[in-house]
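Shown next, in structure tokens, is the structure this report addresses.
Basis for what follows: all heavy atoms, side chains included, without hydrogens, waters or symmetry-related copies. Counting starts at 1 for both ligands and their atoms, following the listed order. The first residue of the sequence shown is numbered 1, and numbering continues consecutively from there.
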Amino acid sequence: MIDLHSHTTESDGTLTPQELVEAAVKAGLEALAITDHDTFAGFDQAATNGAAGALELICGIELSTKFRNRSVHLLGYFLDNRPSQEFRDWIQHLQDARHRRNRELVAKLQGQGFNLTLDEVYRLGGTLPGRPHFATILVSKGYFPSIQQAFDECLSETGNCYISRDEPSFAEAVRRVNESRGFPSLPHPIRVSRDPRVLERYLREMRELGLRGIEVYHSDHSAADTELHRDLATRLGLAMTGGSDFHGAIKPQIELGTGRGGNLNIPRSVLDQLRSGIGISARD
Ligand code: AMP
Ligand code: FE
Ligand code: FE
Ligand code: ZN
């Protein structure tokens, strides 16, 4: 069993990189990709700690991009575990934009009467806090009954405190992942569209831009969703990827490796096919 989608405290997960690796070993995973939002800091720490044992650790990232004017995520897998310096320099800009957004979001929330400070956000969120940290604080202060409600009413694109941030186009993000010998895959495709015909149209467009994979296995997928996306991948010639999208306590229903209520068991062959697709041998 493998898991190619997970988050640490370096983005919006609640396990430190070391704790995440330990959890993966305990869960019996053969391979784990750390795919924090817009940063390699979690992977870098996990790789340096070297406590992975038999676990194969894979360098990944989940980029926030704009596709047809909407926010769409993109996974990048660096199967040789060595993203280029140019790519690392580029994501620094994405991180700067996040910090700017965080400052503006605190000001907006304060303007609307919410009692919350930038200091609290960074104390909870660490080096790169995201909106889930804002939501957690707003819930803990009793402004909203749940994280979902904090998003719906306040923080989501349609919420009344939404602050947009500079996000690269999907086209640029895919191009940069490919140029850095990375493998680009579309995560949680059901968030892009629930209509299979619309999704297929978008996927064809994305494939033209250089997309090479689609996340067929994901905690939010029903068996029918998985079947549908497997079929799309096969017909469009896209590789299949999969992962739990584990975030720890912030999404407590999702377990590392096994997903939601045990709905995942991603075979090792998924990773082997990715590697053979780009000619990188295991543990290169
Ligand atoms: P950020 O990257 O800081 O803009 O926050 C994005 C993260 O917030 C996503 O990865 C999701 O985990 C979460 N998120 C975004 N939109 C929603 C939503 N409408 N409902 C619940 N969670 C959301
Ligand atoms: Fe997240
Ligand atoms: Fe995502
Ligand atoms: Zn994710």
For R165, counting its heavy atoms only, list the atoms of ligand 1 lying under 4.0 Å from any of them.
1 (P), 2 (O), 4 (O)
Relative to ligand 1, is E157 under 4.0 angstrom through side chain, backbone, both or neither, heavy atoms considered?
neither
With distance as the sole criterion, is a donor-acceptor pair present between the side chains of Q45 and N49 under 3.5 Å?
no
What is the name of the N/O/S atom in D12 that sits closest to the Fe ion (ligand 2)?
OD2
Residue and atom, protein N/O/S, under 2.8 Å of the Fe ion (ligand 3):
E62 OE2, H73 ND1, H188 NE2
For T127 and E10, what are the C-alpha separation, side-chain angles and deciding distance, and is it a side chain to side chain donor-acceptor pair (under 3.5 Å)?
CA-CA 6 Å; T127 44; E10 291 300 320; 2.7 Å; yes
In the structure I gave you, are the side-chain heavy atoms of E62 and P187 within less than 4.5 Å of one another anywhere?
yes
Report whether any nitrogen, oxygen or sulfur of H7 sits less than 2.8 Å from the Fe ion (ligand 2) (N, O or S, backbone or side chain).
no
Please lay out, stage by stage, how E215 and H221 fare under the test side chain to side chain donor-acceptor pair (under 3.5 Å).
CA-CA 10 Å; E215 196 171 51; H221 285 182; over 6 Å; no
Under 4.0 Å between heavy atoms, the region of K251 that gets near ligand 1 turns out to be side chain
Is it true that a side-chain atom of S276 and a backbone atom of Q273 form a donor plus acceptor pair closer than 3.5 Å?
yes
Judged by atom type as modelled, is there a donor-acceptor pair below 3.5 Å linking the side chain of D12 to the main-chain atoms of H247?
no
Note, R235 side chain near L232 side chain (heavy atom, < 4.5 Å):
yes
Here the atoms of ligand 1 under 4.0 Å from any heavy atom belonging to R98 are 1 (P), 2 (O), 3 (O)
Stepwise side chain to side chain contact (heavy atoms under 4.5 Å, CB included) check, E255 with R260:
CA-CA 6 Å; E255 301 275 353; R260 199 185 288 273; over 6 Å; no
G130 neighbourhood, listing ligand 1 atoms whose heavy-atom distance to it stays under 4.0 Å
3 (O)
What atoms of ligand 1 come within less than 4.0 Å of a heavy atom belonging to S156?
19 (N)
A student comparing R131, R191, H247 should find that the heavy atom closest to atom 6 (C) of ligand 1 comes from R131
Numbered in order shown, the ligand 1 atoms found under 4.0 Å of a heavy atom of H73 are 10 (O)
Considering only heavy atoms of Q148, which atoms of ligand 1 have at least one such atom less than 4.0 Å away?
20 (N), 21 (C)
At less than 4.0 angstrom from any non-hydrogen atom of H37, what atoms of ligand 1 do you find?
10 (O)
I'd like to check which ligand 1 atoms, numbered from 1 as shown, lie under 4.0 Å from a non-hydrogen atom of P132.
5 (O), 7 (C), 8 (O)
